[in-house]
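Only one structure is covered here, and it is reproduced in the block below.
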Amino acid sequence: MAKKSFLTDVRTLRKRAREHIEQGAVTKGYRAKRETVLKLLNDALATEIVCVLRYKRHFFMASGIHAQSVAQEFLQHANEEQTHADQLAQRIVQLGGAPNLSPEGMLSRSHSEYVEGDGLVDMIREDLVAERVAIDSYREMIDYLGTNDSTTRRMLEGILAMEEEHAEDLATLLAELDK
Ligand SMILES: [Fe+2]
Ligand SMILES: [Fe+2]
């Protein structure tokens, strides 16, 4: 008895690739639920935008004796959250969706909150809370995707790693200011 290959034979692969070429990167072999993934990515996009706005607000409002270095940290995080937003939007398009950048409902789509914060310590604490929200929501998305969309998963893993760095930075700042 001939062994059945675990790979699709070349002729079938070639034939399938010619079908629905307008779908670009999305092929018949895409195993995740595309609509669900697009919804998750758009919610994450809203989260990142809200984080950009919050960090920007904190950057401009930071004042006091420790303000300079903390403000620089806020600015760096704002820029990195913007990079995440761009990565998410790009992947949404690649999957045949459209990034939802409408300000309407942005905050309710976002996982994290927009808290202006009262003073430097309060701002850092609110940012840390938001990072911890982001960490858990990215982790859940990664678990959900499993092996069904490894490109999206890899991207989310990269973002998650950076949110963890952000949280660690903020926790360190908080501890230093507490002294
Ligand atoms: Fe981010
Ligand atoms: Fe972050």
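Note that the coordinates shown come from a computational prediction; the quantities given were computed from them, not determined experimentally. When a ligand or atom number is given, it counts from 1 through the structure's own listing order. Counting begins at 1 with the first residue of the sequence.
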* Heavy-atom donor-acceptor pair, Arg109 side chain to Glu104 backbone, under 3.5 Å -> yes
* Does a side chain donor of either Asp127 or Tyr55 reach within less than 3.5 Å of an acceptor in the other side chain? -> no
* Tell me yes or no: between the side chains of Thr12 and Asp9, is some donor less than 3.5 Å from an acceptor? => yes
* Short side-chain donor-acceptor distance under 3.5 Å, Asp86 and Gln82 -> yes
* Under 3.5 Å, is there a donor-acceptor pair linking the side chains of Glu163 and His84? -> yes
* Taking the Fe ion (ligand 2) as the centre, count the protein N/O/S atoms lying under 2.8 Å from it. => 5
* If you measure from the Lys or Arg side-chain nitrogens to the Asp or Glu carboxylate oxygens, is any gap between Lys39 and Glu35 under 4.0 Å? -> no
